[in-house]
Amino acid sequence: MDAHPPPSHVVVSAAGETLWLLPERAVWWPAASMLLVADVHFGKAAAFRALGQPVPSGTTTDNLARLASLAARYPASDLVFLGDFLHARASRTPSVLAALGEWRASLPVGMRCTLVRGNHDARAGDPPPSLGIEVVAEPLRAGPFALRHMPGASPVGYVLAGHLHPAYTLRRGSDSLRLPCFVFGEHGAILPAFGAFTGHAPVASSVGEHVYVIGGGRVWRVPARR
């Protein structure tokens, strides 16, 4: 019996750098002491409830708890949001903003937070200045990477992006299971949506791409297409 279970994360190489793909739907870049997440969509459920939709509560609390756990586990000096921090203007409820303030105050002293604006940020507006989050337009250059919200090739570096909320369907006979995933291609990678209350866009494994699904508290590489 193996006394040492396999690690829950997967280590990949991109643009000459080592990245950890985490089951929390985040990326850890050890050399830069940077955590990256995409598409948190804080306050999405609150925005739906404002429209009279019966959606679950507590998603903001769940998202913030997972972010706080990551910050406690990894010695990050930077936390970068790859777009879509707040879902909509209706997301800026007193309870959501209060929870965000408590979360920000709980982070390690000196941790920098940066938001690369996404399409939802344009409508929701920037985070309140009290959160101390620097907001920039894409791309944000970081070493060999172009940090963006929108996927696609960039002349300034290998792209790390979000936006699509990718999910991959595993099939075995008549059974199927759709799981959030990371997608790495020749010119860039797409992170899964970090938010607990988000939809997903199905992706297929194309030639030259590598897909890593998240399930059972682990990250798994999908065999490449030939």
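Numbering of residues begins at 1 and proceeds along the displayed sequence. Note: hydrogens, waters and symmetry copies are ignored here, and every other heavy atom, side chains too, is used.
Residues L70 and Y212 do not share a hydrophobic cluster, clusters being chains of Ile/Leu/Val/Met/Phe/Trp/Tyr side chains in contact below 4.5 Å. Taken together through direct or relayed side-chain contacts under 4.5 Å among Ile, Leu, Val, Met, Phe, Trp and Tyr, L160 and V219 form part of one hydrophobic cluster.
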Residues W220, I214; criterion side-chain contact (heavy atoms from CB on, under 4.5 Å); working and verdict: CA-CA 6 Å; W220 310 76; I214 302 166; over 6 Å; no

CA sep, side-chain torsions, deciding dist, call: V116, V80, side-chain contact (heavy atoms from CB on, under 4.5 Å): CA-CA 7 Å; V116 180; V80 178; 4.2 Å; yes

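Listed by chain and number, the residues in a side chain to side chain contact (heavy atoms under 4.5 Å, CB included) with S95 are T93 (sequence neighbours excluded). Listed by chain and residue number, nothing satisfies the salt bridge (Lys or Arg N to Asp or Glu O under 4.0 Å) test with R123 (two or more places apart in sequence, or in another chain). By the side chain to side chain donor-acceptor pair (under 3.5 Å) test, R92 is found to be paired with no residue, residues two or more places apart in sequence or in another chain being considered.
Between H120 and H163, a ring centre-to-centre spacing not shorter than 6.0 Å is recorded.
Note that the CG atom of L35 and the CG atom of L67 stand 9.0 Å from one another [nearest 0.5 Å]. Separating the OG atom in S130 from the CG atom in L100 is a distance of 9.0 Å, to the nearest 0.5 Å. For the atom pair CE (M111) and OG (S33), the distance works out to 9.5 Å, reported to the nearest 0.5 Å. Atom CZ of R25 and atom SG of C181 lie 10.5 Å apart (nearest 0.5 Å). Taking CG from L179 and OG1 from T169, the interatomic distance works out to 8.0 Å, rounded to the nearest 0.5 Å. Separation of atoms CH2 (W28) and OH (Y74) is listed at 8.5 Å; rounding is to 0.5 Å.
Listed here is the closest heavy atom pair of W103 and C113: CH2-SG, 4.3 Å. When all heavy atoms of S77 and A32 are compared, the closest pair comes out as OG-O, 3.8 Å. Contact record, A26 with V37: CB-CG1, 3.6 Å, taken as the closest heavy-atom pair. The two residues L107 and A71 have their closest heavy-atom pair at CD2-CB, 3.8 Å. Contact between A15 and Y158 at its shortest, heavy atoms only, is CB-CB, 3.8 Å.
In this structure, the side chain of D121 does not engage the main chain of D126 through any donor-acceptor pair within 3.5 Å. R104 places a side-chain N or O within donor-acceptor distance of the main-chain N or O of L131, the cut-off being under 3.5 Å. Listed for the S69 side chain is no donor-acceptor partner under 3.5 Å among the backbone atoms of R66.
Classification of R117 and D84 as a salt-bridged pair fails, no side-chain N sitting under 4.0 Å from a carboxylate O.
Side-chain contact check for L82 versus L36: some heavy-atom pair is nearer than 4.5 Å. Side-chain contact between L170 and V222: present, with at least one pair of heavy atoms (C-beta onward) separated by less than 4.5 Å. For the pair L147/M34, a side-chain contact is recorded, criterion being any heavy-atom separation below 4.5 Å from C-beta on. Within the 4.5 Å cutoff, side-chain heavy atoms of F42 are placed close to those of N63.
Between F81 and F85, the ring-plane angle classifies as perpendicular under the 30° and 60° cut-offs.
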List the atom pairs, with distances to 0.1 Å, where a side-chain N or O of residues 17-24 and a protein N or O form a donor-acceptor pair under 3.5 Å, not counting sequence neighbours.
residue	atom	partner	partner atom	Å
E17	OE1	W29	NE1	2.9
E24	OE2	R73	NH1	2.6

Enumerate, atom names and distances included, each donor-acceptor pair closer than 3.5 Å involving a side-chain atom of residues 134-144, sequence neighbours excluded.
residue	atom	partner	partner atom	Å
E138	OE1	H149	N	2.7
E138	OE1	M150	N	3.1

Residues 182-195, side-chain donor-acceptor partners within the protein, below 3.5 Å, at least two apart:
none

